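Right, one structure below, let's go through it.
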Amino acid sequence: MSKRKVRIATTSLAGCFGCHMSLLDIDERIVDLMAIAEFDRSPLNDKKTFTRRCDIGLVEGGCCNEDNVHVLKEFRKNCDVLVAVGQCAIMGGLPVMRNAIMHSEDPLRECLDEAYTTSKVLNPSKQIPNDPALPLILDKVYTCAQVVKIDYQIPGCPPSGDTLWAALTALIKNEEPTLDYALIKFD
Amino acid sequence: MKNQTDRIIEIAPLTRVEGHGKVTVHLNEDNEVVEARLHIVEFRGFERFIQGRMLWEVPVIVQRLCGICPVSHHLAAAKAMDMVVGVDQLTPTAEKMRRLMHYGQIMQSNVLHFFHLSSPDLLFGFDAPAKKRDIFNIIREFPELARQGVLMRKYGQEIIQYTSGKKIHGNSAIPGGVNKNLSLAERDALLKDIDQMILWSEQALELARDYTLEHASLVDSFANFDSNHMSLVRTDGALDLYHGNLRAIDSHGNIIFDQVDYRDFDSIIQEEVKPWSYMKFPFIKSRGNVDGWYRVGPLARMNTASFIDTPLANQHHADFRRFSQHKPANMTLAYHWARMIEVLHCTEKIKELLLDPDLHGSDLRLTGQRREEGIAMLEAPRGSLLHHYKVDENDQVTYCNLIVSTTHNNTAMNRAVTDVAKKYLSGQRKITEPMLNHVEVAVRAYDPCLSCATHALGQMPLVIELFDAENRLIDSASQYATPEPTAP
Ligand code: SF4
């Protein structure tokens, strides 16, 4: 194992933040983690961009807009090992439900109409939110592996704190993670 | 032409908040702040794609909008589906299991917000360097305090695990009841530490209170503005986080409405769409869309509740009311104190429930006369949460509308960022990162859950960018560099 601390970056794309919360479910072991690793870019701190190259990147969520794609590519570029964490990152999860609306030619349009024009909201101009500050929505929700090469996938919604701990400590030691059945069963 | 926007600063991604959002600050030619906006940048479309799903699936699916307060969505959906399956009163075991889950959830969520996300601002100062402002440095410099925070959150998560089956995205609340009770072994495991939790909660509360009192002039001048306040309250006016009727008061404490059945929600509240955010802007209909906006969450609840039905929290509620001279407290930074009073209330409630043998009953579920519509509200960690569904005779959902806590606070958060941006950024020749953090501190006080607000999953970012009169990105503070300037 290298002498310097292992550098970890994390991000949440189209995910619910539950995978990040599950990482915090390692509870007191966070102190052990800090002894061997440090966090670079992550929503858990105020590092909004990469400060240096990272050993491990943890990605929660798939891609539902152009920002997600951009951030995911940045993670691929700046991380040696890129890990898709949880069902959303691996298979799309809840957000991907918008891809498959039965008998719909244009599921995204239907979703936007339902939320902003056809319900009983105050919106006289029937305008759907559209502003330079809002990133472009993608036609469909994409999984991480559809956008960049992914090295490992940790299943679960979310993977439990114990699962993440087992996977992360193996990766930090540069070992191949092997997880017991109990750690990879879905629910 | 003073009000014309010449430049826009963007703060993105927002960090140490839950979900994906950014702030834009609009400046005129003299570098004075005209306006600041909080944008929700993701969109899920939940209201549409849940249509066609079976009613019993909803409580399990909908919580995946938010991994920070999944229990709130799980329970709100289950409550709405109780109404659909014709159950107006659960069995005592079911009601108490759900309440226990809910108190565990509010405890863990509020503790997470206070210790993991906000304490770096409070303990190191808003001006501390960015690389210092995180939980890891709190662990380094205040190890005992951090340990308590970590263990308090763990305790709340364990309650959720024992009552819902999993720490995150459990599945025990079902239409008409629950599918598990609490075993004696689980009860004993939880009872063992509850007194410690109550003690630590009170200490954390005192820390938040003392911060507020010791920084009185900051608290007074930082995003302190009049607003209406709304929450559910019990029929006797007590704070009740799981069930009650709606009460709203104005900034002077006058009642706007009281004891309104939340099933009449549509007749008192409406949402407005604005083109620059995916998050809508709710308002009290009788006051109109300009003056009818209101705040929800811990601060609003301390203002609306007549009292708290647990002794320690009630004393602290009385202190809080004295501090605000028995008027509604309107200071954004007082949210922290209010939030920790609720943690203490939750730990007291948890103890009360753990000593109640009803938790071990086996009467878990009821059925009744089937209805077509389900409307539910509860008080989530961040404020009132509304779920509204229609379900057809095949048990498939045909309509859904969710108004989440963070959405209720939309106008208030925009007011807060504008106030703080005017105060700290107006007329500055150079905008520094710590100045921008002040804007984030204002957003953070509301503990917004931008995941919920997108009706989906969110990222955690907050961004600040500067645009010129043609809306071209001209500057963004180093910490907040946005990768791709958005085309005009
Ligand atoms: S996998 Fe589950 S817990 Fe993780 S982000 Fe997706 S919905 Fe949330």
Side-chain angles (χ1 to χ4, degrees), chain A residues 11-22 24-25 27-28 30-31 34 38-39 43-49 61 64-67 70 74 88 93-95 97-98 101-102 107-108 110-112 114-116 119-123 127 129-135 137 157-158 160-161 187, chain B residues 10 13 15-16 18-19 22 24 39 41-45 47-49 52 61 64-68 70 112 116 130-131 133-136 139 150 153-154 157 166-169 266 270-273 275-278 280 289 401 451 456-461 471 479-481 483-484 486-488:
Chain A
T11 188
S12 169
L13 307 176
C16 76
F17 226 76
C19 288
H20 272 83
M21 290 299 110
S22 203
L24 295 180
D25 281 338
D27 299 323
E28 310 92 298
I30 193 168
V31 177
M34 282 171 57
E38 62 190 357
F39 281 85
L44 299 172
N45 56 34
D46 280 351
K47 293 176 189 156
K48 291 169 198 278
T49 52
C64 75
N65 65 31
E66 58 170 358
D67 270 8
H70 180 81
E74 286 219 314
C88 294
L94 175 135
M97 287 173 75
R98 85 153 145 93
I101 292 178
M102 254 208 293
L108 174 58
E110 286 198 22
C111 287
L112 288 165
E114 183 73 26
Y116 300 109
S119 48
K120 48 207 164 189
V121 294
L122 177 63
N123 187 8
Q127 198 181 9
N130 174 23
D131 187 271
L134 300 175
I137 305 186
C157 179
S160 70
D187 236 14
Chain B
E10 181 166 295
T15 45
R16 291 188 287 127
E18 294 110 359
K22 65 168 153 184
T24 55
H39 306 263
V41 297
E42 291 208 354
F43 170 76
R44 302 287 175 226
E47 292 94 337
R48 175 63 187 88
F49 64 63
I61 296 177
R64 272 134 177 129
L65 291 177
C66 178
I68 302 119
L112 169 90
H116 296 68
K131 65 176 173 2
R133 294 187 315 247
D134 59 40
I135 178 69
F136 310 109
I139 294 174
V150 166
R153 173 171 182 277
K154 180 185 185 183
Q157 290 289 83
K166 261 171 92 190
K167 286 187 172 173
I168 298 167
H169 301 331
D266 276 350
Q270 195 180 9
E271 292 177 284
E272 183 175 8
V273 175
W276 45 268
S277 180
Y278 287 122
K280 294 174 220 176
N289 61 338
N401 188 35
S451 289
L457 319 146
Q459 296 140 315
M460 298 267 277
N471 251 355
Q479 282 296 326
Y480 298 85
E484 287 168 330
T486 324

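Reminder, nothing fancy here: chain letters follow the sequence lines and each chain counts from 1. Because the structure is predicted, anything quoted here is derived from the model rather than measured.
For the options A:E38, A:E28, A:M97, heavy-atom pairs under 4.5 Å to chain B are most numerous at A:M97. If you tally non-hydrogen atom pairs under 4.5 Å between each of A:S22, A:G18, A:C19 and chain B, the highest count goes to A:G18.
Residue A:L24 touches chain B through both its backbone and its side chain, counting heavy-atom pairs closer than 4.5 Å. With a 4.5 Å cut-off on non-hydrogen atoms, B:I61 touches chain A through its backbone and its side chain both.
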Can A:K48 and B:T15 be said to form a side chain to side chain donor-acceptor pair (under 3.5 Å), step by step? CA-CA 7 Å; A:K48 291 169 198 278; B:T15 45; 2.8 Å; yes
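Looking at every heavy atom in both residues, A:L44 comes nearest to B:D134 through O-CB, 3.9 Å. Heavy atoms only, all atoms of each residue included: A:C157 and B:K166 are closest at O-NZ, 2.9 Å. Nearest approach of B:C66 to B:H169, heavy atoms of both residues: O-CE1, 3.9 Å.
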